[in-house]
Colleague: 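Below is the structure I would like to discuss, written out as structure tokens.
Just so we're on the same page: letters track the sequence lines, and every chain starts at 1.
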2 protein chains.
Amino acid sequence: MFTVGEFSRICQVSIKTLHHYDRIGLLTPLKVDPFTGYRYYGQQQVERMLLISRLKRYGFSLDEMKSLLECEDERVLFSRLSRQKEVLKAQRRETELAIAELSAHLQDFQKTGDIMGYQKNYEITVTETTDRVVIASRQVMAVRDFGRYYGALYERIARERLTPDGVCGAVYYDEEFNHESTDIELIVGIREKDRADKIMKGQLCAWTVHRGPYSSLSDAYGALVTWIEENGYAWDGAPYEIYIKTQFDSLAPEDWETEIFFPVKRK
Amino acid sequence: MFTVGEFSRICQVSIKTLHHYDRIGLLTPLKVDPFTGYRYYGQQQVERMLLISRLKRYGFSLDEMKSLLECEDERVLFSRLSRQKEVLKAQRRETELAIAELSAHLQDFQKTGDIMGYQKNYEITVTETTDRVVIASRQVMAVRDFGRYYGALYERIARERLTPDGVCGAVYYDEEFNHESTDIELIVGIREKDRADKIMKGQLCAWTVHRGPYSSLSDAYGALVTWIEENGYAWDGAPYEIYIKTQFDSLAPEDWETEIFFPVKRK
DNA sequence: TATAGTGCCTGACCCAAGGGGAGAGTCAAT
DNA sequence: ATTGACTCTCCCCTTGGGTCAGGCACTATA
């Protein structure tokens with residue numbers, strides 16, 4: 001049996017952490033002296049603690065670990081670990097994106113001598129758009145569920161034998177920003193005018209192209225809003241994006257292209 | 001000028017976040033109505049906010065951003081961004097390590113049908129070690145500074161024209177576990193017995209080999225401690241590791257090998 | 001001009017995963 | 001018996017916000 005201090009040295013974990021794990025019931029000592037409150041740990045606890053350290057490296061939260069370690073079914077355990085591997089891979093992708101973005105930023109910085117140099121890269125013009133014939137699906141969704149809803153739209157196209165014209169985008173109606181649930185309408189352009197869900201009337205729009213991953217899309221929105229204000233226009237409807245070059249063209253995120261349209265009117 | 005709601009939509013940031021940034025002084029509105037307390041933001045704030053979002057993606061803390069954005073010298077700014085890129089790369093390496101470790105774990109799991117199956121991989125034996133002739137450097141250091149102190153040792157070997165015999169390791173004297181400062185003695189074996197800092201006397205040791213990255217080293221320590229207790233031995237001195245296969249053999253972390261020696265005596 | 005429907009304010013409390021320190025009690029060796 | 005190391009509980013602190021609650025402010029419509 002080990003005291004907390006010994007146990008902490010063996011497992012390379014701080015005493016504070018052990019107290020914490022005891023309180024939340026993740027790792028309780030083998031025995032606690034009822035009079036002094038001293039904690040005594042045994043071998044089994046060493047093994048459990050080392051497993052906990054591992055799971056922590058895998059990115060599990062303490063809560064998740066608790067339910068994991070209570071889990072009896074080994075297949076469930078296995079699939080939970082496998083899923084976590086996907087989570088780690090997603091995290092790696094995100095870090096890679098950030099590295100790519102930062103690298104591009106450093107280049108812009110060096111060229112322009114301005115940490116905000118990247119903002120000058122947006123060429124903004126006003127155009128009269130033509131009508132767009134689209135099928136649409138509007139709902140409140142989390143940004144990360146985009147893929148799922150697009151899937152449904154494309155299934156519908158197949159089922160109803162429609163002909164997509166290559167346009168693919170999203171309209172933002174949000175009245176309040178919220179990553180978890182935003183009022184978005186996904187649109188896919190089709191040729192069959194009579195069977196469309198709606199026709200987006202041509203309209204005066206401030207327009208620009210964003211090159212790079214979606215995480216920096218709001219830079220483009222910001223540039224547009226600033227430009228609109230500075231050039232004597234005013235908003236006139238919900239802005240929308242059209243995806244021009246995406247991952248489906250097997251391009252890296254830094255080469256993706258998105259057109260952004262902001263309906264405006266003269267002030 | 002925009003109200004918080006508008007501003008939050010433009011910048012894709014929640015109102016609560018804007019309140020928070022205002023309180024900590026990271027992003028203060030252009031104007032605050034002294035009677036109603038309403039916040040009004042301008043274009044400059046849009047740019048600043050978007051830059052903040054970027055910096056957040058790069059992994060800066062809000063505190064770091066504050067000092068970054070107050071920084072006047074562009075060379076300092078540039079080098080801070082460059083350093084952050086290294087931080088992101090280190091993070092990516094760590095995630096990759098975790099993925100590799102988890103993959104290996106899943107294989108062990110599948111083979112043994114036990115989530116703790118990996119623990120059975122340690123073959124532990126008791127041996128009488130031979131004397132080791134070493135130069136040594138003992139101090140309280142952070143684990144991450146290992147490299148720096150080893151550099152100093154190898155410089156000394158070059159300067160004093162000593163002959164390393166290929167042994168390279170570390171002795172752990174810690175009385176209290178702490179990642180930031182631990183009492184460690186780095187050792188490098190040499191041939192010149194008369195010019196050594198010390199001779200580690202041969203001793204009875206429980207011994208095992210750890211295969212894999214250093215993050216899971218404590219598994220080996222745990223296995224040893226358990227084994228020692230179960231087999232009627234007792235600790236008898238500070239444990240030490242010898243690095244057998246490392247990154248300097250241009251191997252991936254999952255192939256590194258570390259021998260661990262735990263001085264023991266019969267109980 | 002009254003009123004409804006938003007929008008916005010502050011303040012208080014909450015989360016994870018512990019860290020730091022105070023003040024008091026315990027253990028083991030001298 | 002005393003010292004020094006060890007441990008206990010309790011409370012507050014951190015980061016980056018989220019979540020109400022209660023109370024004003026603004027604007028459009030009737």
Side-chain angles (χ1 to χ4, degrees), chain A residues 1-41 49 52-68 142 173-183, chain B residues 1-41 49 52-67 142 173-181 183:
Chain A
M1 293 232 291
F2 312 107
T3 63
V4 258
E6 290 164 355
F7 192 75
S8 115
R9 263 166 270 147
I10 292 166
C11 299
Q12 305 279 87
V13 172
S14 81
I15 294 180
K16 273 290 174 186
T17 302
L18 293 172
H19 284 175
H20 188 57
Y21 290 0
D22 187 9
R23 234 209 342 267
I24 67 173
L26 178 59
L27 180 75
T28 44
L30 188 60
K31 196 187 105 191
V32 178
D33 188 311
F35 300 110
T36 67
Y38 272 39
R39 294 169 176 84
Y40 297 97
Y41 294 85
M49 184 63 237
I52 289 171
S53 297
R54 250 175 197 263
L55 295 178
K56 205 166 101 181
R57 288 196 295 275
Y58 300 162
F60 286 104
S61 75
L62 301 187
D63 247 16
E64 287 168 328
M65 287 182 210
K66 256 188 84 169
S67 75
L68 259 182
Y173 293 98
D174 358 6
E175 287 306 315
E176 186 151 336
F177 173 69
N178 186 333
H179 248 296
E180 291 307 298
S181 63
T182 305
D183 187 1
Chain B
M1 293 231 293
F2 312 107
T3 64
V4 259
E6 290 163 354
F7 191 75
S8 116
R9 264 166 270 146
I10 292 167
C11 299
Q12 304 279 88
V13 172
S14 81
I15 294 180
K16 268 299 162 186
T17 303
L18 293 172
H19 284 176
H20 188 55
Y21 291 179
D22 187 8
R23 234 210 340 270
I24 66 173
L26 178 59
L27 181 75
T28 44
L30 189 60
K31 197 185 105 189
V32 178
D33 188 310
F35 301 109
T36 68
Y38 273 38
R39 294 170 176 82
Y40 297 96
Y41 295 85
M49 184 63 236
I52 289 172
S53 297
R54 250 175 199 263
L55 295 178
K56 203 165 102 182
R57 289 196 295 275
Y58 300 163
F60 286 104
S61 75
L62 301 186
D63 245 18
E64 288 169 328
M65 286 182 209
K66 256 187 85 169
S67 75
Y173 293 97
D174 358 6
E175 286 307 315
E176 186 151 334
F177 173 68
N178 186 333
H179 248 296
E180 290 308 299
S181 63
D183 187 0

Colleague: Roughly, in whole Å, what's the span from CZ in A:Arg39 to P in C:dC27?
Modeller: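 Computing the A:Arg39:CZ to C:dC27:P distance gives 14 Å.
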Colleague: How close do A:Ile15 and A:Gly5 get, counting heavy atoms only, and between which atoms?
Modeller: CD1-CA, 4.2 Å
Colleague: Kindly indicate whether the side chain of B:Lys56 and the base of D:dG16 share any N or O donor-acceptor pair separated by less than 3.5 Å?
Modeller: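 Absent.
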Colleague: If you round to the nearest 0.5 Å, how far is CG of B:Leu26 from OH of B:Tyr21?
Modeller: 6.5 Å
Colleague: What residues in residues 27-37 of chain A put a non-hydrogen atom under 4.0 Å from any atom of DNA chain D?
Modeller: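 Per residue number, the list reads A:Thr36, A:Gly37.
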Colleague: Evaluate the ring planes of A:Phe2 and A:Phe7, with Trp represented by its six-membered ring, and classify them as parallel (under 30°), tilted (30 to 60°) or perpendicular (over 60°).
Modeller: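 The arrangement is tilted - the two ring planes meet at 30° to 60°.
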Colleague: With nearest nucleotides of DNA chain D determined for B:Tyr38 and B:Phe60 from heavy-atom distances, which residue corresponds to the more 5′ nucleotide?
Modeller: B:Phe60
Colleague: Looking at every non-hydrogen atom in both residues, tell me the closest pair between A:Ser8 and A:Ser14 and how far apart they are.
Modeller: CB-C, 4.4 Å
Colleague: Roughly how many Å is it from CD in B:Glu64 to C1' in D:dT14, rounded to a whole number?
Modeller: 15 Å
Colleague: When only distance counts, do a donor and an acceptor, one from the side chain of B:Lys16 and one from the base of D:dG16, lie under 3.5 Å apart?
Modeller: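 It does not, because no donor-acceptor pair links the side chain of B:Lys16 to the base of D:dG16 below 3.5 Å.
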Colleague: How many whole angstroms separate atom CG of A:Leu62 from atom P of C:dC15?
Modeller: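 Computing the A:Leu62:CG to C:dC15:P distance gives 14 Å.
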Colleague: Starting at CD1 of A:Ile52, measure out to OG1 of A:Thr17 and round the result to the nearest 0.5 Å.
Modeller: 11.0 Å
Colleague: To the nearest Å, give me how far apart CE (B:Met65) and P (D:dG17) are.
Modeller: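 So the CE-P distance, B:Met65 to D:dG17, works out to 8 Å.
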Colleague: Just the rounded figure in Å: distance from C1' of C:dT10 to CD1 of B:Ile15.
Modeller: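 Atom CD1 in B:Ile15 sits about 14 Å away from atom C1' in C:dT10.
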Colleague: For A:Ser61 and for A:Tyr40, locate the closest nucleotide of DNA chain C by heavy-atom distance; then report the residue assigned to the nucleotide nearer the 5' terminus.
Modeller: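 It is A:Ser61 whose nearest nucleotide is closer to the 5' end.
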Colleague: Which residues in residues 19-26 of chain A have a heavy atom closer than 4.0 Å to any atom of DNA chain C?
Modeller: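 Heavy-atom contacts with DNA chain C come from A:His20, A:Tyr21.
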Colleague: Expressed as a whole number of angstroms, how long is the span from B:Ile52:CD1 to D:dG16:P?
Modeller: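 B:Ile52 atom CD1 is separated from D:dG16 atom P by 12 Å.
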Colleague: What residues form a salt bridge (Lys or Arg N to Asp or Glu O under 4.0 Å) with B:Asp63, not counting sequence neighbours?
Modeller: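 For B:Asp63 there are no salt bridge (Lys or Arg N to Asp or Glu O under 4.0 Å) partners, ignoring immediate neighbours.
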Colleague: Looking only at atom types and distance, does a side-chain atom of B:Lys66 sit under 3.5 Å from a main-chain N or O of B:Ile24, one as donor and one as acceptor?
Modeller: yes
Colleague: Between A:Met1 (CE) and D:dC6 (P), how many Å, whole number?
Modeller: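 Nearest whole value for this atom pair: 19 Å.
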Colleague: For a quick test of reading the model, state the closest non-hydrogen atom pair linking B:Lys31 to B:Met1 and the distance between them.
Modeller: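 Shortest heavy-atom contact: NZ-CE, 4.1 Å.
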Colleague: Please determine which of A:Leu18, A:Leu30, A:Thr28, A:Thr3 meets the side chain to side chain contact (heavy atoms under 4.5 Å, CB included) test together with A:Tyr41.
Modeller: A:Leu18
Colleague: Indicate whether OP1 or OP2 belonging to C:dC8 is found under 4.0 Å from a side-chain N or O atom of B:Thr3.
Modeller: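 True: B:Thr3 side-chain N/O within range (under 4.0 Å) of C:dC8 OP1/OP2.
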Colleague: In whole angstrom, give the distance that lies between atom CG of B:Asp63 and atom P of D:dG17.
Modeller: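 Distance, rounded to whole Å: 13 Å.
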Colleague: Counting side-chain heavy atoms from C-beta on, which of C:dC8, D:dG17, D:dT7 comes nearest to B:Thr17?
Modeller: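 Nearest to the side chain of B:Thr17 among the choices is D:dG17.
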